[in-house]
Amino acid sequence: MPELPEVETIRRELEPLLKGRRIVSVNVLRPDIVGWPKPNAFKRLVAGLTIVELARRGKYLLLRLKPGLQNAECRTRNAEPKQNLLVIHLRLSGHLKVMDSRAPVQRFERIRFRLSGRRVLVFVEPRVLGRVYLVSEDRLPSVLKGLQEMGLEPIHRDFDAGYLKDKVGHRRSSIKGLLLDQSIAAGIGNIYSDEALFRSGIRPERTAHRLRRAEYPRLARALREVLRDGIRHMGTTMSDSRYQRPKGMPGGFQKHLMVFDREGEPCRVCSTVIKSCRIGNRTSRYCPKCQT
DNA sequence: CTTGTGTCCTGTAGGC
DNA sequence: TGCCTACAGGACACAA
C-alpha cells in the first residue's frame with residue numbers, strides 16, 4: 001500500500017533516526033528480499049557504511065551511504081566500485097521500524113540492519129514482495145530499470161496538463177491503468193489514482209485518448225493536490241493494511257478518502273452509492289454521478 | 001510500441 | 001468449527 005505519500009512520510013520520520021548511523025552488520029532472514037547483489041555480497045558490502053541522507057524517488061526509498069572514514073579496511077573497499085545507495089521498495093505490505101538493538105525478532109521480519117548506537121533498522125514484509133538493493137549511483141539504471149524509466153512525480157513543478165497529455169493523449173487504454181504506470185506519473189498507486197480521478201470528475205475506465213482537452217488540467221491538478229494532502233496527513237492506513245509510520249503510528253488520510261475502499265457507501269458529495277469495477281486485474285472505485 | 005494477462009507471495013476475509 | 005477460495009497490492013515478464 002505504500003504509495004508516494006506513505007514513502008515520503010517514512011522518509012521524513014526515518015531520516016532523523018538514521019542519519020549519521022553506521023550499519024554494523026546485516027541479518028538476512030529471507031534471502032529473496034535482497035534484489036541486488038547476491039545476499040552474501042550484499043551483507044559484506046553494506047557492513048561498515050554510514051547513512052548520510054535519505055531520499056525518495058516515486059515509491060523507492062534511497063539511503064545514501066558513505067564509507068566509514070577511520071578504519072583501514074575501508075581503503076581496500078574503495079578499490080571496488082562504490083556501493084553508495086541502499087534502495088528499499090516496500091511494495092504492498094512492507095514497513096520499516098527503528099528499534100532498540102535488543103528488540104526480539106518481529107513477526108514477518110525479513111532483514112535486520114544493526115546500527116551504531118544500539119539501534120536496529122528492521123524491514124518487516126509479510127508478503128515477501130518488497131526488495132532491498134545495494135548499488136552504486138552509476139549502476140542504478142542497469143540494476144533498477146523501474147527507477148531509470150520513472151516519469152515525473154505529480155508534485156514536481158513541471159508536472160502539468162501538457163506533460164500528462166504528451167504521455168497519455170495518444171493511448172487507447174484506460175486512464176486508470178495508465179495512472180498506475182510509474183513511467184507516466186511516479187508514485188501513484190491504487191488509492192491515490194482513484195482519489196485523483198474522483199476529484200477531477202473522470203471515470204476510471206475512460207480511454208485516455210478520448211479525454212477532453214479541459215480534463216487534463218483538472219487531472220494534473222487533482223493528482224498534485226491529492227498527493228500533497230496525503231503527505232500532509234502522513235499517508236493512508238486502511239484497517240487491513242500494514243502501512244505504519246516508523247514508530248508504529250497510523251497515517252490520517254483514510255479519513256479523507258472519497259471513493260477508495262468505499263464501495264456501497266454514499267458519495268460524500270452527492271450521496272450516490274459508490275461503485276467498483278475491475279480494470280486490468282485491479283479494483284477501481286468511483287462515484288457514478290460525480291464522475292463521467 | 002502498445003495492450004492485456006499472469007506471476008511473484010502470503011495473510012486474511014468471507015463463503016459454505 | 002474449519003476448510004477452501006478469492007483477493008489484495010506494485011512491478012515486471014511475456015504473449016499477441
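When reading the values below, keep in mind they use all heavy atoms of this one structure, side chains included, and skip hydrogens, waters and symmetry mates. Within every chain, numbering begins at 1; the chains are lettered A, B, ... in the order of the sequence lines, protein sequences first and strands thereafter.
For the OP1/OP2 pair of B:dC8 and a distance below 4.0 Å, the side-chain nitrogens and oxygens of A:Arg30 include no atom meeting the criterion. Using a 4.0 Å cut-off, some side-chain N or O of A:Thr283 falls inside it from OP1 or OP2 of C:dA8. Contact between the side-chain N/O atoms of A:Arg110 and the OP1/OP2 oxygens of B:dT10 is not found at any separation under 4.0 Å. Considering only side-chain N and O atoms, A:Arg171 lies under 4.0 angstrom from the phosphate OP1 or OP2 of B:dT3.
Under the 4.0 Å criterion applied to side-chain N and carboxylate O atoms, A:Arg112 and A:Glu109 are assigned as salt-bridge partners. One finds no salt bridge joining A:Arg199 and A:Glu195 here, because no Lys/Arg side-chain nitrogen approaches an Asp/Glu carboxylate oxygen to under 4.0 Å. A salt bridge links A:Glu215 to A:Arg206: one of the charged nitrogens lies within less than 4.0 Å of a carboxylate oxygen.
Checked against B:dT10, C:dA11, B:dT12, the side chain of A:Gln182 finds its nearest nucleotide in C:dA11. The side chain of A:Leu129 has B:dC9 as its nearest neighbour among B:dT10, C:dA11, B:dC9. When each of C:dA11, B:dT12, C:dA8 is scored by its nearest atom to the side-chain atoms of A:Arg127, the top-ranked nucleotide is C:dA8. Out of C:dA11, B:dT3, B:dT12, the shortest distance to the side chain of A:Ser173 is found at B:dT3. The side chain of A:Asp32 approaches B:dC9 more closely than any other nucleotide in the set C:dA11, B:dT12, B:dC9.
A:Leu144 places its CG atom 12 Å from the C1' atom of C:dC12, with the value rounded to the nearest Å. Put simply, CD1 on A:Ile184 is 13 Å from C1' on B:dC1, counting in whole angstrom units. Distance, A:Glu205 CD to B:dG4 P: 13 Å, rounded to whole Å. Here the C1' atom of nucleotide C:dA11 and the CD atom of A:Glu125 are 13 Å apart, to the nearest Å. Look at CG on A:Leu180: it is 15 Å from C1' on B:dT5, rounded to the nearest Å. If you measure from atom CG of A:Asn281 to atom P of B:dC8, you get 14 Å, rounded to the nearest angstrom. Taking atom CG of A:Leu90 as the reference point, atom C1' of C:dA8 lies 16 Å away to the nearest angstrom. Nucleotide B:dG11 holds its P atom 5 Å from the CZ atom of A:Phe108, rounded to whole Å.
More than 12 non-hydrogen atoms from other residues, nucleotides or ligands lie less than 6.0 angstrom from CZ of A:Arg232.
A:Gly280 comes within 4.0 angstrom of no nucleic acid atom, judged by non-hydrogen atoms across all strands. Among the protein residues, A:Lys145 comes within range of no part of the nucleic acid, since none of its heavy atoms lies under 4.0 Å from any strand. Using a 4.0 Å heavy-atom distance criterion, A:Asn190 is classed as a sugar-phosphate-only contact. Heavy atoms of A:His170 sit under 4.0 angstrom from primed sugar atoms or phosphate atoms, though from no base atom.
Side-chain polar atoms of A:Ser284 and A:Arg278 form no donor-acceptor pair below 3.5 angstrom.
For the pair A:Leu147 and A:Arg285, nearest-nucleotide mapping onto DNA chain C gives the more 5' position to A:Arg285.
Using cut-offs of 30° and 60° for the angle between ring planes, the A:Tyr192 and A:Phe253 rings count as parallel.
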